[in-house]
Amino acid sequence: MKEKLPKNYVFQKTEDKIYQIWEGSGFFNPDQCVKKGITKNKVPHYSISMPPPNVTGKLHLGHAEVITLEDILIRYHRMKGDKTVWIPGTDHASIATQNKVEKLLKKEGLNRHKIGKKAFLKRVEKFALESHDNIVRQSKKMGASCDWSREAYTLDQIRHRVVNLVFKMMHADGLIYRGERLVNWCPRCASTLADDEVEYKEQKAKLYTFRYAKSFPFAIATTRPETKLGDTAVAVNPKDKRYQKYVGKTFKVNFLGTALNLKVVTDREVNPRFGTGALGVTPSHSHDDWKIAEANKLKIVKVIDEKGNIRTGFGKYSGLNAAKAREEVTKDLKATGLLEKEEILANSLSLCYRCNTPIEVLPSLQWFINVNKKIRRYGRSIKELSTEAVKVGVFGRKKIRIIPKRFEKEYFRWMENLRDWCISRQIWFGHRVPVWCKGKRIYCGVQAPKGTGWKQEEDTLDTWFSSGLWTFSSLVQKPKQIKIQKGRLVIDSQDFKDYHPTSVLETGYDLIFFWVARMILMTTYAVRDIPFWDVYLHGMVRDDKGQKMSKSLGNALDPLTMIEKYGTDAVRLSLVVGSAPGNDQNLSEEKIAGFRRFTNKLWNIARFVITSQKFGLGEDPALKNNLRVYRLRQALGGQASFSLSDLWILHKMKKLVGEITGDLEKYRFSQAGEKLREFTWNDFADWYLEISKIENNSAKIIILDQILRDLLKLWHPFTPFVTEKIWESFRQGKLLMVERWPTGDFYKKLTGASQTDLINFELIKNIIEAIRSVRADYKIEPRRKIRVIIDIKNRPDYAGTATYSLIESQSDLIKNLHTGVKSLAITESGQKIRKAICRATGGVMIQIPLGGLIDRKKEIARCRKEKTTLENQIKNLKKTLRNKNFLQKAPPTVIEKQKSVLIKAQAELKTITKQLTELY
RNA sequence: GGGUGAUUAGCUCAGUUGGUAGAGCGUCUCGUUUACACCGAGAAAGUCGUGGGUUCGAAUCCUACAUCACCCACCA
């Protein structure tokens, strides 16, 4: 039954198999865990709705980050015994997906209009399905322990029903209205965009100063002369004396062939120092001008149509696209002598966030959500509800916690400035607006009304409308489970009852407005509850130079390639360790490679513990297990004897378990990973395992076994594959994934190790390190054994005998832990031995007789440097300890620490001085 | 224009409530120690961006400035 463990961890051969075992076990599903008694069905439960990736292609490192962080939380809570669910899903991402397919069509020389709506949608669905399969495959590669049986899609039947129900409710509450308002329009997508779907790019524009006509008394400045064809007023600052005589007057002018009626109005927002101080008001193509028009009841003249062309009725300019029209208008202004000035101005260009096309602002008949209207049953608007949810808490819930906290401010600011949300899109792919018309009759509902002649709206909904419902829509399994009763949404699914509000929403900070805010908006309104308790925002993954990873730059690391090269566990660690919440991180391939070394190290640590004949392992697993139990009983029965190193490692391990648990509870992933690595590699492998080759006491086997098992558990959320693979060799029938998270109890019960043991062991470590250091300094051949004399006289904080017996008892370690010590003597004379190298550490004097080997100059320089450092340190410490303020105000522990540091430093100084005296 | 973050060893970054600076990678030296060379041992390396302040004590708190990055608003 012996299983050979290869020398190196071969992740390529194990990861997929391990994932299959997990999946096959059914334990991704919390119900199965409860059924098999793995977890108890007691509250609170733990749940995360995975941010659904867009079905636009494949996953990038940002997704890998999401999966890693959430999987860590999920695995931790599952092991803790919480009933834990992680719901996976995908987002149809209407505009993004449609654009992607349009691009594919373009390559084939087609476009969506050519092939028609029906064929196009079929094509999109096929594409979405392929993407979906890819995403699922990749998520599994990443080790995502999500419950695939609960998978959801923002455009499937159930989610469609939820969307329509919420729409219907909002419509009934008067929150959704249809109206002609200014919208952001992407001429390429031929669709509206929400305010935050517009991106801005700095550019240099030309600012033209001109008069509408010779007869017009003053000039105005504009960057978009072509829109001036639709001007209906000129606005000036009310305090601007230059224009006061014109205010209220209306001028009829002929502007390059178009008749304009221009009323001179005032508006406080007009900056008298910009341009000429007079602003041509184009209500149809500027948000500000629209406001001015509303305030002054101005006429609205549309100039640009939805294709980005000048509308009919503007003479020769009609039919031209906006850019061409600008050229023509400018040329004509010049020709007629109306243009007074042309200057360069830095401003920002508005672009579509999906296709980078410059967007137009224009009035259009669209569907909106009123964010300011008070909802009768809440007495507040959705904006107010959402603000309260984070500021003070709503519906008796505590407030939603955003981590890191600084993003709260951004959230509030966004909420404050939020305008009515335009939710209709002229996109084919998505949820159709659930409104049907027949003549003048309008019906809003979940399904088409009965009877003939009803025609559904062609527009689809903003993709964020359905994503905004995600935390609860993903917890519905059957259409029947959700309905409207007495104007309220009723969700009657066990999952919703168990898991909502979800425990944490983990996502990149770039989604705080698009998605996080919208979920709060929609959920507080629709289900009268918050969507999640905590929001954890991670930073962006950039390349090693800090640049954004992108295909066009060719600097994007592909998670799949990285996984093939270094294994999933290494990729996961590299995304988690060394980055702080909300901070961007620069990721290089070298970093990932570094963590592969760690997975291999862990593998070999386990290999050593498991296969070491010395500890009776490598036997029949069943026997081995019995042995373990037997030895454990023996130890607990007081039969085991613990060495200092045992006490030290047990104490450290106990501390570690507590710290890692605390770190995970507080989302301190990076710290947890670093502490684990530090303990595993340095304390456990480099020290304790090495010691175990020397010391031979009955407790060792249990300690090694126990610590390895617990380390595997602690590591499991971070590196699930390698830990599960190692666990497999224990053959206990139970998966590590569902093992119970460790507590410190074992270590406490077993030993009662204390802080003193830690300090004592540190002294031994220091001594060993000092000896090794001397050997390396003097290039003493490895084979050559040396004599070591340790004098303890100058260490006054220790009773001589205690220190003596401490060192004495550890002489085996001092001799054999890669120090090459032949004989060890402990003295209390304080005498310096002639021709011996001398090191001061931990207050003791370590002497190594080297005879003529001593390099006097080198030693003198070294000692002098050390002496100066010590003297300065002592001076400062004394100064501090003499300071009355310090003694009064500093906490006692700090004072004690300073005192002991001083004593040690003084002892070390004595040693150094002695050494120097001899050398001179 | 408003705001946020960053500035710590050659590089990439940690640093919980103020107690006197850490890791990984890289560099240098040595090593075939029976788990691992994807290893081990040792070493070098930092005025914690700059100036001021609070404090017994500041990488950490306050303030001003500089550089970089990002977000929001305006942009006639």
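The model shown is predicted, which means the values in this text are computed figures rather than measured ones. The chains referred to below are lettered A, B, ... by the order of the sequence lines, with proteins before strands, and numbering in each begins at 1.
Both distances falling under 3.5 Å, in either a Watson-Crick or a G-U wobble arrangement, place B:rA23 opposite B:rU12. Taking a pair to require two hydrogen-bonding distances under 3.5 Å in either a Watson-Crick or a G-U wobble arrangement, B:rU17 remains unpaired. B:rG49 and B:rC65 make up a base pair, with Watson-Crick or G-U wobble contacts both under 3.5 Å. The pairing partner recorded for B:rU60 is none, the criterion being a Watson-Crick or G-U wobble arrangement whose two distances lie under 3.5 angstrom. In a base pair of the Watson-Crick type (N1 to N3 plus N6-O4 or O6-N4) or a G-U wobble (N1-O2 and O6-N3), with each distance short of 3.5 Å, B:rC38 is matched with no nucleotide. Look at B:rA44: it lacks any Watson-Crick or wobble partner with both distances under 3.5 angstrom.
Both tests do not hold together for A:Arg597 against A:Trp681: distance to the six-membered ring centre under 6.0 Å, angle to the ring axis within 45°. With a 6.0 Å cutoff to the six-membered ring centre and a 45° limit on the axis angle, A:Lys858 counts as a cation-pi contact of A:Tyr778.
Classification of A:Glu416 and A:Arg413 as a salt-bridged pair fails, no side-chain N sitting under 4.0 Å from a carboxylate O. The pair A:Lys693-A:Glu690 meets the salt-bridge criterion, since a charged nitrogen lies less than 4.0 angstrom from a carboxylate oxygen. Between A:Glu589 and A:Lys565 there is a salt bridge, since a side-chain N of the basic residue sits under 4.0 Å from a carboxylate O of the acidic one.
B:rA6 and B:rU17 have their P atoms separated by 13 Å, with the value rounded to a whole Å. Taking atom P in both B:rG10 and B:rA45, the straight-line distance is 11 Å, to the nearest Å. Across B:rC13 and B:rA59, the matching P atoms stand 22 Å from one another, rounded to whole Å. Comparing the C1' positions of B:rA14 and B:rC72 gives a spacing of 30 Å, expressed to the nearest Å. Taking the C1' atoms as reference points, B:rG15 lies 31 Å from B:rU29, given to the whole Å. Atom C1' of B:rU67 sits at a distance of 27 Å from the matching atom of B:rU54, rounded to the whole Å. Going from the C1' atom of B:rG2 to that of B:rG57 covers 36 Å, rounded to whole Å. Taking atom P in both B:rG49 and B:rU34, the straight-line distance is 46 Å, to the nearest Å.
When every heavy atom of A:Phe721 is checked against every heavy atom of A:Glu15, the shortest pair comes out as CE2-O, 3.1 Å. Between A:Ser350 and A:Tyr200, the shortest heavy-atom contact is OG-CE2, 3.5 Å.
Within the 4.0 angstrom heavy-atom criterion, base atoms lie near A:Val270. A:Lys884 comes within 4.0 angstrom of nothing in the nucleic acid, heavy atoms only. Residue-level contact check: A:Ser588 touches neither bases nor backbone, having no heavy atom under 4.0 Å from any strand. Among the protein residues, A:Leu207 comes within range of the sugar-phosphate backbone only, with heavy atoms under 4.0 Å from sugar or phosphate atoms but none that close to a base. Counting non-hydrogen atoms under 4.0 angstrom, A:Glu590 reaches nothing in the nucleic acid. Heavy atoms of A:Arg668 sit under 4.0 angstrom from at least one base atom.
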Contacts under 3.5 Å, N or O only, protein and nucleotides 17-22 of chain B:
residue : atom : partner  : partner atom : Å
B:rU20  : OP2  : A:Lys897 : NZ           : 3.1

Show each protein N/O and nucleotides 42-45 of chain B N/O combination with a separation under 3.5 Å, one pair to a line.
none

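Here A:Tyr246 and A:Phe218 bring their ring centres to under 6.0 angstrom of each other. Taking the six-membered ring wherever Trp is involved, the centroid distance between the rings of A:Phe598 and A:Tyr9 does not fall below 6.0 Å. Taking the six-membered ring for Trp and the full ring otherwise, A:Phe514 and A:Tyr353 have centroids separated by under 6.0 Å.
Computed from coordinates, the A:Gln888 CD to B:rG57 C1' distance equals 15 Å when rounded to whole Å. One atom, NZ of A:Lys779, and another, P of B:rU29, lie 9 Å apart when rounded to the nearest Å. Protein atom CG of A:Asn876 is 13 Å distant from nucleotide atom P of B:rG57, rounded to whole Å. Rounded to an integer number of Å, the gap from CZ of A:Arg542 to C1' of B:rG5 is 11 Å. Regarding A:Leu575, its CG atom lies at a distance of 16 Å from the C1' atom of B:rA14, rounded to whole Å. Here the C1' atom of nucleotide B:rG24 and the CG atom of A:Asn682 are 11 Å apart, to the nearest Å. Taking atom CG of A:Leu511 as the reference point, atom P of B:rC71 lies 13 Å away to the nearest angstrom. Per the geometry, CZ belonging to A:Phe407 stands 9 Å off P belonging to B:rG5, to the nearest Å.
Between A:Gly280 and A:Asn586, the one whose closest nucleotide on RNA chain B sits nearer the 5' end is A:Asn586. Of the two residues near RNA chain B, A:Lys666 and A:Val577, the one whose nearest nucleotide lies more 5' is A:Val577.
Taking CG of A:Leu5 as the reference point, atom CD1 of A:Ile726 lies at 8.5 Å (rounded to 0.5 Å). Rounded to the nearest 0.5 angstrom, A:Ile768 CD1 and A:Asn816 CG are separated by 9.5 Å.
For the pair A:Trp290 and A:His285, the minimum side-chain heavy-atom distance is 4.5 Å or more. Between A:Val788 and A:Ile771 there is a side-chain heavy-atom pair separated by less than 4.5 Å.
A:Tyr509 and A:Phe407 have parallel rings, their planes meeting at less than 30° on a 0 to 90° scale where 60° marks the start of perpendicular.
Of the candidate nucleotides B:rC56, B:rC74, B:rA14, B:rA14 has the atom lying nearest to any side-chain atom of A:Asn583.
Remark: A:Lys409 is not in phosphate contact with B:rG3, judged by side-chain N or O atoms under 4.0 Å from OP1 or OP2.
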Exercise for review: Summarise protein proximity over nucleotides 34-40 of chain B in one line of letters, 5' to 3': B for base, S for sugar-phosphate only, - for none, counting protein heavy atoms closer than 4.0 Å.
Suggested key: -BBSBSS

